[in-house]
Amino acid sequence: MSVVLRNAQRAVSVRRSSLRRAVCALRTALGVSHFDVGLICAGNDLMRRLNGAYRQCPEPTDVLSFPFHQVSAGELPRPLSRDEYNLGDIFLGVEYIHQQCCDTGEDFDGVLAVTAAHGLCHLLGYQHNTQPEWQQMYQKEVEILEELNRLTGARLRPLTAGLF
């Protein structure tokens, strides 16, 4: 299936081909390569509006995920028809992420891949509102990023390393 990637911002240059390859590898590591996923690279204005509308926090953020299926962490969706082979949409706040990378000196492309991994986990029911949820999500992120690292030679780690 496909990764539909749309760049809905002009503030930051995004290497779409490397991001698409990373998301394809992450889907495979999660066992959902036969599901479509939408990936939208968004600027601060769009992320602020979405975050305000859906999370009542009108500030830009790094990632928002909108799952097509409601599943518990560790479960895979069970589509009933071809039209339901969709994980959902991930909005990457690339302008926000880029500013953070400028502040910290981290590699922008690597952080985009890690943020996409985080978003994919959210599409599959993983959360981080409590310490047990965080531990489960963190372990899944470590697992899929290790696979991406193996394929690419990168040394990527989860975003939520110090959350709890």
Side-chain angles (χ1 to χ4, degrees), residues 1-5 18-42 47-48 50-80 84-94 96-98 100-101 103-104 106-164:
M1 295 289 132
S2 67
V3 174
V4 177
L5 196 153
S18 62
L19 181 56
R20 183 185 319 275
R21 278 193 303 275
V23 170
C24 286
L26 291 164
R27 282 187 319 152
T28 299
L30 285 163
V32 292
S33 59
H34 52 290
F35 284 85
D36 294 329
V37 65
L39 195 62
I40 299 91
C41 296
M47 293 303 283
R48 184 179 294 111
L50 291 171
N51 208 16
Y54 292 98
R55 296 184 63 234
Q56 292 69 50
C57 183
E59 301 295 326
T61 189
D62 57 353
V63 63
L64 293 169
S65 297
F66 298 94
F68 186 84
H69 299 274
Q70 296 301 317
V71 295
S72 297
E75 288 183 12
L76 295 180
R78 295 189 177 149
L80 299 175
E84 293 182 2
Y85 278 86
N86 183 355
L87 290 181
D89 295 319
I90 301 169
F91 286 77
L92 293 175
V94 295
Y96 181 87
I97 294 167
H98 186 263
Q100 284 188 325
C101 288
D103 293 346
T104 63
E106 292 180 88
D107 174 62
F108 175 66
D109 292 323
V111 173
L112 273 184
V114 170
T115 307
H118 187 82
L120 280 166
C121 286
H122 277 308
L123 292 181
L124 292 171
Y126 291 91
Q127 299 298 323
H128 47 77
N129 299 318
T130 65
Q131 186 165 0
E133 287 177 344
W134 169 79
Q135 288 173 323
Q136 185 180 31
M137 184 170 185
Y138 182 80
Q139 283 308 119
K140 181 53 71 171
E141 287 183 27
V142 166
E143 177 186 317
I144 64 174
L145 288 171
E146 282 177 354
E147 177 62 14
L148 183 61
N149 290 341
R150 186 186 69 74
L151 293 171
T152 64
R155 299 177 76 190
L156 304 175
R157 302 286 306 149
L159 291 175
T160 58
L163 190 59
F164 280 94

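Residue pairs meeting the side-chain hydrogen bond (donor to acceptor under 3.5 Å, both in side chains) criterion with at least one partner in residues 51-61, sequence neighbours excluded, are Asn51-Arg55.
Note: Gln131 CD to Gln136 CD = 13.0 Å, rounded to the nearest 0.5 Å. For the atom pair CE (Met137) and OG1 (Thr130), the distance works out to 12.0 Å, reported to the nearest 0.5 Å. For the atom pair CG (Leu112) and OG (Ser18), the distance works out to 8.0 Å, reported to the nearest 0.5 Å. Taken to the nearest 0.5 Å, the CG atom of Leu26 stands 10.0 Å off from the CD atom of Glu141. Atoms CD1 and OG1, on Ile97 and Thr115 in that order, are 4.0 Å from each other to the nearest 0.5 Å. Asp62 CG to Met47 CE: the interatomic distance, rounded to the nearest 0.5 Å, is 7.0 Å.
For Phe68, the side chain to side chain contact (heavy atoms under 4.5 Å, CB included) criterion is met by Glu84, Asn86, not counting sequence neighbours. Take Ser72 and apply the side chain to side chain contact (heavy atoms under 4.5 Å, CB included) test, not counting sequence neighbours, and it matches Glu75. Residues satisfying the salt bridge (Lys or Arg N to Asp or Glu O under 4.0 Å) test with Asp36, not counting sequence neighbours, are Arg82. Here Glu143 pairs with Lys140 under the side-chain hydrogen bond (donor to acceptor under 3.5 Å, both in side chains) rule; sequence neighbours left out. Considering only residues two or more places apart in sequence or on other chains, His122 meets the side-chain hydrogen bond (donor to acceptor under 3.5 Å, both in side chains) condition with His118, His128.
Counting only heavy atoms from C-beta outward, the side chains of Val63 and Ile90 approach each other to under 4.5 Å. Leu92 is listed as a side-chain neighbour of Leu19, based on a closest heavy-atom distance under 4.5 Å. Counting only heavy atoms from C-beta outward, the side chains of Arg27 and Val3 approach each other to under 4.5 Å. Two residues are said to be in side-chain contact when any heavy atoms from C-beta on lie closer than 4.5 Å; Arg157 and Val114 fail this criterion.
Looking at Ser65, its side chain does come within 3.5 Å of a backbone N or O of Gly119 through a donor-acceptor pair.
Aromatic ring orientation, Phe91 versus Phe66: perpendicular (interplanar angle above 60°, classes split at 30° and 60°).
Heavy atoms only, all atoms of each residue included: Gly31 and Leu76 are closest at O-CD1, 4.0 Å. Closest approach of Pro77 to Val71, counting heavy atoms only: CA-CG1, 3.9 Å. Taking all atoms of both residues into account, the shortest heavy-atom contact from Tyr96 to Pro60 is CE1-O, 3.6 Å. Asp89 and Leu123 make their closest contact through O-CD2, 3.8 Å (heavy atoms, listed as atom of the first residue, atom of the second, distance). Contact record, Leu5 with Cys41: CD2-SG, 4.2 Å, taken as the closest heavy-atom pair.
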Give the intermediate values and the outcome of side-chain contact (heavy atoms from CB on, under 4.5 Å) for residues Thr104 and Val111. CA-CA 11 Å; Thr104 63; Val111 173; over 6 Å; no
Between Val94 and Phe108, is the side-chain contact (heavy atoms from CB on, under 4.5 Å) condition met? List the steps. CA-CA 9 Å; Val94 295; Phe108 175 66; 4.2 Å; yes
